[in-house]
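Written below as structure tokens is the structure these notes are about.
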Amino acid sequence: MDWAKLVSFSCVLQVGYSSPSQPGIMRDLDLSLAEYSVFGSILTIGAMLGAIVSGTVADCVGRRCTMAISDILCILGYLLITFSQNFWWLDIGRVSIGCGIGLLSYVVPVYISEITPKNLRGGFATVNQFMICCGASLAYVLGTFITWRTLAIIGVAPCLLQLVGLLVTPESPRWLARFGHPGAFEAELQKLRGKGADISEEAEEIKDFTEKLQHLPKSKILDLFQKDYIHAVTVGVGLMVLQQFGGVNAICFYASEIFVSAGFSSGNTGMLAMVAVQIPMTGLGVLLMEKAGRRPLLMVSAAGTCLGCLLVGFSFLAKEHHWGKDLNILLALAGILTFGGSFSLGMGGIPWVIMSEIFPINMKGAAGSLVTLVSWLGSWIVSYAFNFLLVWNSYGTFFIFASICGLTVLFVERLVPETKGRTLEEIQASMNSSLVGTSHK
């Protein structure tokens, strides 16, 4: 079992936590809208803190130990939320979980990409997104039936199970090779491929590539902006910016409020419908990843999110001009379901897959920290500002999101490489001029 996916499931319960929990938390702790907006968005502050150190921690202590640290931070955060009696304990717990999510956002896709064969890498990486979707969806569903404190304590169990599972989880062979554990590197690679598998060719390619990297300088953030790496940085950072400013966290964190604002009597029905769409669409993305490729799925997904935002925007426009309650409710439901399903198909997971593939291991620490930080900074900006944007201009907010989603299609078509069916070493050599000639074509 790949225990890396379980930590994604357990931690990302919190991504879907704030939407169904909003009425209960505001009532029980007497929070204002501004205070709840801080709680909803402060998860991303913690994630930014985790993101800043994610690459360094993963390089220093290894991929497996980094996941264990993430588990401990999430357990602490869930317990603080469960027993909180005031605003401060609630927010400290949310920040702690955010730090754990910031770490795992980088290390889980990187770990998966480093341990899987090239023909399975995309599918395995998107299963991680499937677990994230399941975690958020479970929070939506359970939040309609149980209290917010009970929902928080549920998140502890998968984290504890993950900690036990990590005791038998192999370390990344590429990390071991890069940081001087040649015997352990081959042993772990053999364990991952099976006892009877011939690993000689793959091991030799990893060795050759690692030896070339030894002659390159130790990575720093500023080194990423050299000519050799600028294409990879543009792709990695660009996808994260477009993913976040397309409005995903506005919809995930505040889905219930959007449905009520659009005219639903409560947000529960809409959220349950969203869950029913997201899980099968994420599963479809897993099945199509190694068949259709990264680029086509990304473009279809981005086009779908653009349509979804347009429909939600028109629903608020219909409400403002009193075109009929049934019309704006129908448009809101269709828009959020279209957005949720389309995002789950590709834009949710593929940017993280590509991020884990395009940077050579000597740059992954700095690059991973930068890309993950950019992602969570964008998430914080959108999640904090969304309630205020909705008051300012509800339909205009979603039309802005739609424009960004449309821009994503063009960005992918022009700049994002297809990585399906290629080894990490081949991908990185093709994108980074200093590594040309280090991989078999």
Do [X] and [Y] make a side-chain contact, defined as non-hydrogen atoms from C-beta onward lying under 4.5 Å apart?
X	Y	value
V416	F411	yes
I101	S70	no
I400	L389	no
Q243	F343	yes
M355	L239	no
Y78	I154	no

For [X], side chain to side chain contact (heavy atoms under 4.5 Å, CB included) partners two or more places apart:
X	result
L370	I221, L224, F225, V233, V237, V374
I42	V38, I45, D91, R94, V95
L407	L242
E418	R294, R295, P296, K420

Atom pair [atom1]/[atom2] of [X] and [Y] - distance to nearest 0.5 Å:
X	Y	atom1	atom2	result
I381	Q244	CD1	CD	10.0 Å
L43	S96	CG	OG	10.5 Å
L298	T408	CG	OG1	9.0 Å
I115	Y111	CD1	OH	4.0 Å

Criterion side-chain contact (heavy atoms from CB on, under 4.5 Å) on V156 and I153, from CA distance to verdict: CA-CA 6 Å; V156 173; I153 200 66; 4.1 Å; yes

All ring-ring contact (aromatic ring centres under 6.0 Å, His included) counterparts of F245, not counting sequence neighbours: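 Counting only residues at least two positions away or on another chain, F245 forms no ring-ring contact (aromatic ring centres under 6.0 Å, His included).
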
All ring-ring contact (aromatic ring centres under 6.0 Å, His included) counterparts of F388, not counting sequence neighbours: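 Residues passing ring-ring contact (aromatic ring centres under 6.0 Å, His included) with F388: Y384.
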
Aromatic ring pairing F398/F316, orientation class (parallel under 30°, perpendicular over 60°, tilted between):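 The arrangement is parallel - the two ring planes meet at less than 30°.
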
Among all residues two or more places apart in sequence or in another chain, which pass the side-chain hydrogen bond (donor to acceptor under 3.5 Å, both in side chains) test with [X]?
X	result
T234	none
E114	R63, S172, K364
S105	W376
S369	none

Residue pair C99 / L49: nearest heavy atoms and the distance that separates them: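 Taking every non-hydrogen atom into account, SG-CB, 4.1 Å.
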
Heavy-atom closest contact (G313 atom, Y395 atom, distance):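 Heavy-atom minimum between the residues: O-CB, 3.0 Å.
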
